[in-house]
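In what follows, chains carry the letters A, B, and so on, assigned in the order in which the sequence lines appear, proteins first and then strands, with residues in each chain numbered from 1.
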Protein chains: 2
Amino acid sequence: MRKTNVCSVGMPARGIAGLKDVAARTGLSVSVVSRALNPHPDKNARVAEETRKWVLNVAGEMGFRRNRSAEFMKRGGVATIGVFLPASPNRLVADLVFGIAEVLEAEDFPMQISFDNFAEGFRRFLEHNMDLSHSGVISYPSLVDDPKVEAEVKDYCRGKGRMVLLNTALRLDDVPVVAMDEELGGRMAAEQLLERGCGQFCVVGKCMGRQKGFHSALADAGRKGNEFNGDPDGLKRLASFCRGGSEDRPVGVFAVTDILALRVMRALSGGDARVGTEVLLVGYDDLDLTGETTPSLTTIHQPFREEGRMAARKLINLIYGGKEDPVLISPRLVARESA
Amino acid sequence: MRKTNVCSVGMPARGIAGLKDVAARTGLSVSVVSRALNPHPDKNARVAEETRKWVLNVAGEMGFRRNRSAEFMKRGGVATIGVFLPASPNRLVADLVFGIAEVLEAEDFPMQISFDNFAEGFRRFLEHNMDLSHSGVISYPSLVDDPKVEAEVKDYCRGKGRMVLLNTALRLDDVPVVAMDEELGGRMAAEQLLERGCGQFCVVGKCMGRQKGFHSALADAGRKGNEFNGDPDGLKRLASFCRGGSEDRPVGVFAVTDILALRVMRALSGGDARVGTEVLLVGYDDLDLTGETTPSLTTIHQPFREEGRMAARKLINLIYGGKEDPVLISPRLVARESA
DNA sequence: TTGAAAGCGCTACCAG
DNA sequence: CTGGTAGCGCTTTCAA
């Protein structure tokens, strides 16, 4: 419900104030107002500094909001930002969507999300977006590192396509990657286990960066970690290894995933090496229920919401001709009962 | 990368085929093509059936996709669909987003998501969207039943605003509500517990519909359920109640939420009433890790993805002048170790 | 430094 | 039933 304004000059019939309305109010032409209000003016878009300030003021008062559709229609494309995410219905993806949506909403950018898990899906998505000449793309191609995909990405970026990649192994010029610092996450797990006085160390499951960070932190302390698979067999072996733990010198276990961590708990349940005392356990992801398990799970939280925000901000800047560098985001440890 | 076409008549310079391209190819005027391709033609938009089929064919071959921004710009609004969801970073919300995004993407509708938990946020969202004259809104106002919100909703719908509400207590003419059948969910929990031979029954936590369904299924079987709060005190009382269970005649517990279910597990841990034998436990929501706890949790799955799909489809139909009824979606039981 | 005018892709109105 | 034309809100030549 729009508040009725005392001054009715240049107020729109319905909806929000547009360029035309601001122009009417200021008495300037639409062109000038457009240029003054454009945060990313093109070369020949010169406006007197004084005029710009004035227009900016009036526009602010009138609650001007640029119509992105019209902006990009004129520019020969579609305002919509394409988002490609893995189809995992968990808090990680939800957080990512929160972050992206938050800044896109603030900037009045619409989006279109596509969910899929595989490289093939990502390629389809790119083709689709190329044709639509979307203003830009944020994508989380699930750690894809595939030459065909790489070609497709390059193709997309050759024209006006702008792209930000999330947590991927792909490295391309002019395509900034926003990623989680997985090695740091692994280090954090090791450091917590070290600090809590563990005598022996295990890592369960495969995840390059996390494992690497874990081992290197251990090495820094003159210790060594043992590797176990996440399959039933590996877990069985881990369970028997854990019998060597005591309250004094617990065994420290790092599961590269919360899911794996819960499987470790299960493998250990019923035995006499209890998680939280004889065995200290750290997971990774901070999924929904990790705070409610018994014992509650110490885990590495990944700030996906922040990652989403950064990606969206970078993309918008890119679209308007800016330049962006890759960035690494630090996870943080959430200490609970299990370690 | 668009495939090069043998026939180059009416192929667009770049991007996808538009109305103009189809017109060029068929030799018809843009107006006719527009009407032929419009699935929701206005009153006076009459086209020869023969023409329509032909155009439809050609358009299909050319890979025509309507530019929604332009369509709605002309219609005096913005194509973007506003989506308002609770800011809960869990699989429920993720699933909802999946479902909505899936159909919107297929229909080339862009969207804008806003996350908030409270009625106040929803009102801000509506105001914002009213001004933007969004083509429509899907909202999950977190079970709100607030006269102020109701007024705002009515106001929004008075004009061209179209809206679909999710899981809300609000009931308004012309605003279809897509909701989960919570009573049925409660019934399912009771029936599972009955079937597994429980002798006594408890429900933990407050949630009207779910409780009601639970009790009524129990009543149908000539049984009665005891209510417990979800706070520490209530859980303590529940734990002592559960000591009455045996393998033969277990106590059946229905937690109205998975989180509560895990708290029940914790309250019972260490005692001699074990979940899965002396105590049978059913949760609600089927969150991320419920399949991995020990014992794994039997729970009621809510098909939020399907709910999202339905809501989006209904909204689109509404936008084009269709009529839609409210609908109730059935949850389903996921049987695991705890019951 | 400013303004007028063309045009992005589409629909709606009005003539034929 | 079909075609021409105006115009949605904006950017971008091009002239003044």
Have a look at T51(B) and say if it touches a base, only the backbone sugar-phosphate, or nothing, with a 4.0 Å heavy-atom cut-off. sugar-phosphate
Taking K148(B) first and then E152(B), would you say they form a salt bridge - that is, a charged N and a carboxylate O separated by under 4.0 Å? no
Any donor-acceptor N/O pair under 3.5 Å between dA12(C) base and S34(B) side chain: no
What is the distance from NZ of K20(B) to C1' of dC10(C), rounded to the nearest Å? 11 Å
Rounded to the nearest 0.5 Å, how far apart are CG of D108(B) and CD1 of I16(B)? 7.0 Å
Rounded to 10°, the angle between the first-five-pair and last-five-pair axes of the helix from dT1(C)-dA16(D) to dG16(C)-dC1(D) is 40°
Closest nucleotide among dT11(D), dC8(D), dT2(D) to the V30(A) side chain: dT11(D)
Measure the distance from CZ on R68(B) to C1' on dT11(C) and round it to the nearest whole Å. 13 Å
Between CG of N67(B) and P of dG9(D) the distance, given in whole Å, is 16 Å
Does a nitrogen or oxygen in the side chain of R75(B) sit under 4.0 Å from OP1 or OP2 of dA12(C)? yes
Does R65(A) make a side-chain donor-acceptor contact with the base of dG9(D), cut-off 3.5 Å? no
Are E120(A) and R123(A) ion-paired here, with the side-chain N under 4.0 Å from a carboxylate O? yes
Side chain S29(B) and base dG4(D) donor-acceptor under 3.5 Å: no
Would you mind reading off the distance between L19(B) atom CG and dG7(D) atom P, rounded to a whole angstrom? 20 Å
First of K74(B) and M73(A) reached from the 5' end of DNA chain C, by closest nucleotide: M73(A)
